[in-house]
Visitor: 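Mind looking over this structure? Questions follow.
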Number of protein chains: 2
Amino acid sequence: MKTSESFIPIYFKLAEDIKQQVFSGKLKPGDMLPTEAQLCSQYGISRMTARQGLKLLVDEGMVESFRGKGSFVAQPKFNQLMLELPDSHFHLQENASVQLLGVDIIPADSTVASVLKLKTNSKVIRIKKLYLTENEPVALDTRYIIYHRRQPVVENEINYAAFPKEVARHTGVALIRNQVTFSAVPLDKNLAQQLGTTEGKPALQIEQLVFGGQEQPLGWSIIICNGEKYRMNAITKTYI
Amino acid sequence: MKTSESFIPIYFKLAEDIKQQVFSGKLKPGDMLPTEAQLCSQYGISRMTARQGLKLLVDEGMVESFRGKGSFVAQPKFNQLMLELPDSHFHLQENASVQLLGVDIIPADSTVASVLKLKTNSKVIRIKKLYLTENEPVALDTRYIIYHRRQPVVENEINYAAFPKEVARHTGVALIRNQVTFSAVPLDKNLAQQLGTTEGKPALQIEQLVFGGQEQPLGWSIIICNGEKYRMNAITKTYI
DNA sequence: CAGTGGTCTAGACCACTTA
DNA sequence: AAGTGGTCTAGACCACTGA
């Protein structure tokens, strides 16, 4: 019985059925689901298959299971959501493009050195990019990566790589943590000019600090987005 | 053989082993993992158990499997990250508090009516809150929820509820999608005054639009954060 | 064609919870 | 003690890939 044409796995069907019951209100947060044994007999399936269906719901956060007790509709969690940073989703948009302004190997000034915990004048790679929509500049991206490997720096790929990935490539370090901070800042004269707007206008600042295994900073990225032209969207994670 | 004391499931061990090989560089993105059959004989386990271990890695995004081809170490994806919105994490912070400015049932003006797809003058619930850090205002939260149930509006809970959850409570609708937009905007005179700053200063605007099952808007929330005092942090999702 | 992962079965023993 | 979910087995057929 395991297959049928226009194939939908049984466990998937089971998960959809339960979802429907939640959406329709037949099952509410806190309610207990049928036991695995009950689902087996209801659907005429084996226990592993029933569990596979439940696992889907558990992974989505819609259901929680407790050994010895049962499976229950979870309380919805709304505060967490997924979002995509501009550095990698930008080139997927219509009318959007990325312009590489420059790649240099420079001595770190005091600010960069302090953030990356380097001595002043240590060598860092600086990459500057401009994001454009309909040929108008909307965001400026400046990245600093500590320099200790001779890697080919300029590639086409560089236009599209997410920052932590880029850091991993250049430093050769694998285990990485990415810390991101959002804030609203006024544009200074210099930035305003590059973004084709005026000083003091609000900008969305997205700062990324990438850490290697021993919590040592490996890279620093600041994206400045013209507040009048750029908005960042996020996707809901949860179901209800 | 399925249990031992200080119990660690075999499938978990298997996943950890593979992770180690990725972190140590023995396996690199793009490399093929041992086939399921190989893992079975290597570990002396059945195929379902091996698959359960691989599933862990697939769920984490570290491994991708392709029918007929094999399982491979995935390219790390860094662009997606989790973040928490201020409306629910605020009260967890040190020195932070929430002040309820008011709850009213008002007729929707043309803006609100348009966003929520209501007729002008339809009744909506408006909730205004002020977020404070060290007794200084840092963010202003205005929420509009369509009114069609008599629910107790003012509760202690309201200070801490995430917006979509609140909407669900008041409208009685279960299936919900939350669409969030971030942008940087200049403060107008009125808002600047409420946040104790001056007109034109940048603010981080977090706009949430909550939809019910048939894509009908149920609630609208705008959080305006003083750019000089508020920053939003996000957590890395991915592994490498 | 042989090899891969995807689905599924019909059992089993276990740890834990509740009564 | 009975019921629950967690782990595990030793098979099976399938769809898909690549030589």
Side-chain angles (χ1 to χ4, degrees), chain A residues 1-19 21-22 27-75, chain B residues 1-19 21-22 27-75:
Chain A
M1 299 310 137
K2 75 207 61 164
T3 69
S4 63
E5 59 192 7
S6 76
F7 185 54
I8 294 175
I10 301 175
Y11 69 88
F12 190 83
K13 178 73 165 62
L14 183 151
E16 288 297 310
D17 287 353
I18 292 176
K19 268 192 209 178
Q21 292 182 50
V22 174
L27 283 172
K28 297 187 190 66
D31 288 355
M32 184 174 167
L33 299 184
T35 68
E36 294 178 353
Q38 286 169 341
L39 289 172
C40 291
S41 60
Q42 278 177 33
Y43 284 83
I45 59 182
S46 78
R47 186 152 163 243
M48 287 302 276
T49 305
R51 283 181 60 75
Q52 200 169 354
L54 288 175
K55 181 75 160 48
L56 283 183
L57 302 172
V58 170
D59 288 348
E60 283 182 36
M62 181 185 262
V63 165
E64 289 171 327
S65 294
F66 303 95
R67 179 179 349 209
K69 299 175 75 172
S71 297
F72 302 82
V73 180
Q75 298 298 328
Chain B
M1 300 305 138
K2 74 206 58 163
T3 69
S4 62
E5 57 191 6
S6 77
F7 185 54
I8 293 174
I10 302 175
Y11 70 87
F12 190 83
K13 178 74 166 61
L14 183 151
E16 288 298 308
D17 287 353
I18 293 175
K19 267 192 209 180
Q21 292 182 50
V22 174
L27 282 171
K28 296 187 192 67
D31 288 353
M32 184 174 167
L33 298 184
T35 67
E36 294 178 356
Q38 286 169 342
L39 290 172
C40 292
S41 58
Q42 277 176 37
Y43 284 82
I45 58 181
S46 78
R47 188 156 159 240
M48 287 301 275
T49 305
R51 282 181 61 75
Q52 200 169 353
L54 289 174
K55 180 75 160 50
L56 283 183
L57 302 172
V58 170
D59 287 348
E60 284 183 34
M62 182 185 263
V63 165
E64 289 171 328
S65 294
F66 303 94
R67 182 184 341 214
K69 299 173 78 172
S71 297
F72 302 83
V73 179
Q75 300 298 328

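Letters go in sequence order (proteins before strands), and every chain restarts at 1.
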Visitor: Taking only side-chain nitrogens and oxygens of Arg51(A), does any of them come within less than 4.0 Å of OP1 or OP2 of dG5(D)?
Guide: no
Visitor: When you measure from the side chain of Thr35(A), which nucleotide among dT4(C), dG18(D), dG5(D) comes out closest?
Guide: dG5(D)
Visitor: Using whole Å, report how far CD1 of Ile10(B) lies from C1' of dC13(C).
Guide: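 For the pair Ile10(B) CD1 and dC13(C) C1', the rounded distance is 13 Å.
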Visitor: Can you tell me if Thr49(A) touches the phosphate of dC8(C), counting only side-chain N or O atoms and a distance under 4.0 Å to OP1 or OP2?
Guide: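 For dC8(C), OP1/OP2 do not have a side-chain N/O of Thr49(A) under 4.0 Å.
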Visitor: Does a side-chain N or O from Tyr11(A) land closer than 4.0 Å to OP1 or OP2 of dC8(C), or not?
Guide: no
Visitor: If you only use heavy atoms from C-beta on, which nucleotide in dT9(D), dT9(C), dC8(C) is closest to the side chain of Ile45(A)?
Guide: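 The nucleotide sitting nearest to the side chain is dT9(C).
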Visitor: If you pin Ala50(B) and Arg47(B) to their nearest nucleotides in DNA chain D, which one's is more 5'?
Guide: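 It is Ala50(B), whose closest nucleotide lies nearer the 5' terminus.
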Visitor: Counting only side-chain heavy atoms from C-beta out, which of dG11(C), dG6(D), dG5(C) sits nearest to Arg67(A)?
Guide: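 Looking only at side-chain atoms, Arg67(A) lies closest to dG6(D).
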Visitor: Are any of the side-chain heavy atoms of Lys19(B) and Leu57(B) separated by less than 4.5 Å?
Guide: yes
Visitor: Kindly point out which of dT7(C), dT9(C), dT4(D) is positioned nearest to the side chain of Met32(A)?
Guide: dT4(D)
Visitor: Send over the distance from Leu33(A) CG to dG3(D) C1', rounded to a whole Å.
Guide: 16 Å
Visitor: Relative to the 5' end of DNA chain C, which residue comes earlier, Lys69(A) or Gly44(A), by the nucleotide with the nearest heavy atom?
Guide: Gly44(A)
